[in-house]
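Down below is the structure, laid out as structure tokens.
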Amino acid sequence: MSSIKEGIHDHLIELQEEIDCIFTAGRNTKVSEVNIGQIYGGMRGVVALACNTSYVDPYSGLHIGDYTTDNFSHKLPEEIFFLLSTGKFPEAESLAEFQNDLNQRAQVPQYVWDVLRNLPRDTHPMTMLSLGILSMENESVFKREYQKGIEKRNYWKYTLEDALNILAKLPSLAAGIYRIRFGNGVLIAHDSKLDWSGNLVHMLGIPDGDKSFADLMRLYLVLHCDHEGGNVSAFTSRVVNSALSDLYYAVSAGLNGLAGPLHGLANQECLQFILKIDEQLSDQVSEEELKAYVLDVLDSGKVIPGYGHAVLRVTDPRFTAFMKFGEENCSNSSCFKIAKKLFSVVPDILKNYKEGKIANPYPNVDAMSGSLLHHFGLKQFDYYTVLFGVSRVMGFCAQNILAQGLGQPIIRPKSVTNKWVLENLAVKKK
Ligand code: CMX
């Protein structure tokens with residue numbers, strides 16, 4: 001058995017023991033109540049899901065297992081996937097074995113390129129990524145084995161096979177999308193001497209003399225990996241997989257959610273916002289001018305991209321990690337300077353805007369990431385969410401493998417009509 005499979009197997013035993021203990025203590029114990037506002041308000045704050053890959057604390061941000069962002073941000077994405085799915089970082093030997101396994105599976109079938117090359121020229125790169133994954137659905141090991149008839153307790157093993165096949169192909173697929181959509185369409189071959197993020201940088205073909213872009217990409221792919229279970233993309237992916245639709249369907253569906261401007265597309269919108277400020281006011285913009293500009297945007301009914309969060313109530317530690325990288329590697333870049341200036345004015349404005357209704361006035365990860373990518377030569381902001389997606393697929397895969405391994409059932413909350421609510425409140429419509 002491979003180290004990752006063994007690690008997941010052992011992790012599932014631990015998690016199952018915890019669940020047994022929780023159920024023995026009180027399966028009917030209430031942990032959350034739902035009010036009418038939450039039914040109509042995107043279920044915000046309703047505790048209704050178990051996710052054992054990661055946890056977002058409102059005040060200390062993303063935790064993976066026992067590690068806070070500061071404690072895992074220096075790792076490789078492969079190590080992070082291992083941590084998400086087994087609860088532990090791999091030993092050197094297991095890491096090498098895992099990387100070797102990914103390399104063996106990296107070849108993207110020719111028909112995927114045929115599909116992508118036949119799309120309209122201006123197709124959004126997120127559509128291409130989602131479609132690229134979905135076009136490979138026929139390769140699903142889970143689907144094939146399920147049709148033969150497999151025991152429920154083994155579902156996770158075939159879901160893991162699909163996860164490894166998808167993850168292995170992602171750098172080639174994402175880089176190919178970049179070169180088809182923004183370049184001359186000539187693909188650069190995968191290099192099995194490089195690691196997962198190193199390969200992505202290599203196949204994008206963006207010059208990187210001092211390897212700073214490679215450092216940024218490693219950090220980028222680590223920081224976006226997972227954000228617990230209730231965010232739009234992870235939840236969508238989990239719901240789809242809970243119907244035993246295989247991981248190709250589930251990953252593609254999760255990516256479709258990530259493509260929205262209130263979620264993953266915010267990093268594209270952030271850079272557009274910053275470039276507009278650079279064009280209209282320059283990176284020498286004063287604090288007063290920037291405040292006026294931000295207020296104008298808010299008054300026109302738009303959101304400030306990269307600020308706010310459904311769970312976080314402090315500056316996102318992932319933003320802080322990117323800001324540190326920027327200070328160390330590109331403090332003179334115009335985009336970085338503007339992103340930093342926005343950080344010094346936006347939170348105070350949002351705190352006082354809409355009578356304090358904005359729950360979190362602080363920056364999320366998207367407020368800084370695009371500025372760094374732009375500085376290092378990746379200027380096509382339409383592409384940024386693809387990089388977010390490449391990383392986040394690690395979270396989708398790990399969450400679904402663990403959920404399958406724990407035998408979690410199909411997800412099916414109850415919805416109600418206005419009439420039902422009116423009757424339950426014993427209120428008559430005027
Ligand atoms: N600018 C202006 N208004 C904002 C705001 C922002 N950055 N963030 C929240 N608000 C507004 C909301 O639009 C909402 O207004 P209405 O009641 O008039 O609709 C009000 O404040 C209350 O919202 P909230 O409870 O603070 O935030 P939500 O949990 O509903 O939404 C989020 C969270 C991220 C969608 C929201 O903060 C937002 O739209 N931010 C900008 C987009 C962004 O950065 N998204 C990326 C998030 C990270 C990710 O998921 O990838």
Worksheet item: Going by heavy atoms in the side chains, are Leu49 and Arg238 under 4.5 Å from each other?
Response: no

Discussion item. I need the minimum non-hydrogen distance between Tyr383 and Ala174, along with the two atoms involved.
Written reply: OH-O, 2.6 Å

Discussion item. Is the shortest side-chain heavy-atom distance between Leu160 and Gln404 below 4.5 Å?
Written reply: no

Worksheet item: What do you reckon, are the aromatic ring centroids of Phe89 and Tyr67 less than 6.0 Å apart?
Response: yes

Fill in: Worked verdict on Asn165 versus Arg105 for side-chain hydrogen bond (donor to acceptor under 3.5 Å, both in side chains)
CA-CA 6 Å; Asn165 285 328; Arg105 302 170 187 254; 3.0 Å; yes

Worksheet item: Under a 4.5 Å cut-off applied to non-hydrogen side-chain atoms, are Lys354 and Leu298 in contact?
Response: no

Discussion item. Quiz question: by atom type and distance under 3.5 Å, do the side chains of Asn400 and Ser237 form a donor-acceptor pair?
Written reply: yes

Discussion item. Within the 4.5 Å heavy-atom criterion, are Leu275 and His374 side-chain neighbours or not?
Written reply: yes

Worksheet entry | For the student: nearest non-hydrogen atoms of Gly257 and Val232, plus distance | CA-CG1, 3.8 Å

Item to complete: May I have the step-by-step check of side-chain hydrogen bond (donor to acceptor under 3.5 Å, both in side chains) for Glu289 and Ser286, ending in yes or no?
Response: CA-CA 5 Å; Glu289 282 175 309; Ser286 71; 3.3 Å; yes

Discussion item. Once rounded to the nearest 0.5 Å, what's the spacing between atom CD1 of Ile64 and atom CD of Glu228?
Written reply: 12.0 Å

Worksheet item: Are any non-hydrogen side-chain atoms of Pro77 and Val222 less than 4.5 angstrom apart?
Response: yes

Worksheet, complete the sentence: Rounding to 0.5 Å, atoms CE (Met203) and NE2 (His190) come to a distance of 5.0 Å

Worksheet item: CZ of Phe213 to OH of Tyr220: how many Å apart, nearest 0.5 Å?
Response: 10.0 Å

Response to the item:
So CD1 of Ile4 and CG of Leu102: to nearest 0.5 Å the spacing works out to 8.0 Å

Worksheet item: Between His227 and His309, how do the two ring planes meet: parallel, tilted or perpendicular, split at 30° and 60°?
Response: perpendicular

Fill in: Side chain to side chain, Leu62 and Ser54, heavy atoms closer than 4.5 Å
yes

Fill in: Ion pair check, Glu161 and Lys157, cut-off under 4.0 Å
no

Worksheet item: Quick one: do Lys88 and Glu79 make a salt bridge, cutoff under 4.0 Å?
Response: no

Practice prompt. With the side chain counted from C-beta on, respond yes when Leu247 and Phe396 share a heavy-atom pair under 4.5 Å apart, and no when they do not.
Written response: no

Discussion item. For a side-chain hydrogen bond (donor to acceptor under 3.5 Å, both in side chains) check, start with the C-alpha distance between Asp348 and Tyr353, then their side-chain angles and the critical distance, and finish with the verdict.
Written reply: CA-CA 9 Å; Asp348 277 343; Tyr353 202 74; over 6 Å; no

Worksheet entry | Carboxylate-amine/guanidinium contact Glu288 Lys291, below 4.0 Å | yes

Discussion item. In this structure, is the centre-to-centre distance between the rings of Tyr155 and Phe142 below 6.0 Å?
Written reply: yes

Worksheet item: When Tyr307 is tested against each of Val294, Val346, Thr315 for side chain to side chain contact (heavy atoms under 4.5 Å, CB included), which residue passes?
Response: Val346

Worksheet entry | Pair Tyr362 + Phe343: ring centers closer than 6.0 Å | no

Discussion item. Quick check for you: to the nearest 0.5 Å, what is the distance between Ser94 atom OG and Gln99 atom CD?
Written reply: 11.0 Å

Discussion item. Among residues at least two apart in sequence or on other chains, which ones pass side-chain hydrogen bond (donor to acceptor under 3.5 Å, both in side chains) with Asp210?
Written reply: Ser212

Item to complete: State, yes or no, whether a side-chain contact exists between Pro317 and Thr68 at a heavy-atom distance under 4.5 Å.
Response: no

Worksheet entry | Reported CG-to-CD distance for the pair Asp366 and Gln268, which is rounded to 0.5 angstrom | 11.0 Å

Practice prompt. On the 0 to 90° scale, with breaks at 30° and 60°, tag the Phe273-Tyr293 ring pair as parallel, tilted or perpendicular.
Written response: tilted

Worksheet item: Should we say atom CD of Gln280 is surrounded by more than 12 heavy atoms from elsewhere, each under 6.0 Å from it?
Response: yes

Practice prompt. Decide yes or no on side-chain hydrogen bond (donor to acceptor under 3.5 Å, both in side chains) for Asn267 and Thr385, but give the supporting numbers first.
Written response: CA-CA 7 Å; Asn267 64 7; Thr385 313; 3.3 Å; yes

Fill in: Ring geometry between Phe322 and His224 (parallel below 30°, tilted from 30 to 60°, perpendicular above 60°)
tilted

Worksheet item: Do NZ/NE/NH1/NH2 and the carboxylate oxygens of Arg181 and Asp382 come within less than 4.0 Å?
Response: yes

Discussion item. Check this for me: Lys143, atom NZ, are more than 12 non-hydrogen atoms of other residues, nucleotides or ligands nearer than 6.0 Å?
Written reply: yes

Discussion item. Tell me whether Glu327 at atom CD has more than 12 heavy atoms from other residues, nucleotides or ligands lying less than 6.0 Å away.
Written reply: yes

Practice prompt. Answer yes or no: does atom CG of Asp66 have more than 12 heavy-atom neighbours from other residues, nucleotides or ligands under 6.0 Å?
Written response: no

